[in-house]
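Following: one structure in C-alpha cells, then a few remarks.
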Amino acid sequence: MAKGSKTPMTPKAAARIQGANAKANGGKVSKGSFPARAQAAAAKNGKK
C-alpha cells in the first residue's frame, strides 16, 4: 500500500477518532498515538 492518503484528514474526523480513543482509555490520549497524529494532520490540512 502506498504511503499517504488520497482523502485528507479533516478536523471532524480527527475529533471522532480522538473521542473514540479517549472513551476507550479513560479520557486519555497518548502522545504520538494515532489520534494525536490525526489531530496534527487535520491541523496541518486546515492551514492550507
Side-chain angles (χ1 to χ4, degrees):
M1 186 171 180
K3 189 173 182 178
S5 175
K6 292 181 180 180
T7 305
M9 182 63 69
T10 63
K12 185 176 179 180
R16 179 181 50 79
I17 293 166
Q18 187 170 9
N21 187 272
K23 281 183 181 179
N25 294 313
K28 296 182 179 180
V29 177
S30 301
K31 186 176 182 179
S33 64
F34 176 69
R37 289 185 280 128
Q39 285 287 354
K44 184 178 177 182
N45 290 335
K47 291 182 181 178
K48 291 182 181 176

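Just so it is clear, the values below take in all heavy atoms, side chains as well, and ignore hydrogens, waters and symmetry mates.
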Check: residues 20-28 side-chain donor-acceptor pairs under 3.5 Å, at least two apart:
{"unit_1": "Asn21", "atom_1": "OD1", "unit_2": "Asn25", "atom_2": "ND2", "d": "3.1"}
{"unit_1": "Asn25", "atom_1": "ND2", "unit_2": "Asn21", "atom_2": "O", "d": "3.2"}

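For Ser33, the side-chain contact (heavy atoms from CB on, under 4.5 Å) test picks out Val29, Ser30, Pro35, Ala36, with sequence neighbours left out. Among residues two or more places apart in sequence or in another chain, the side-chain contact (heavy atoms from CB on, under 4.5 Å) test is passed with Ala14 by Met9, Ala38, Gln39, Ala42.
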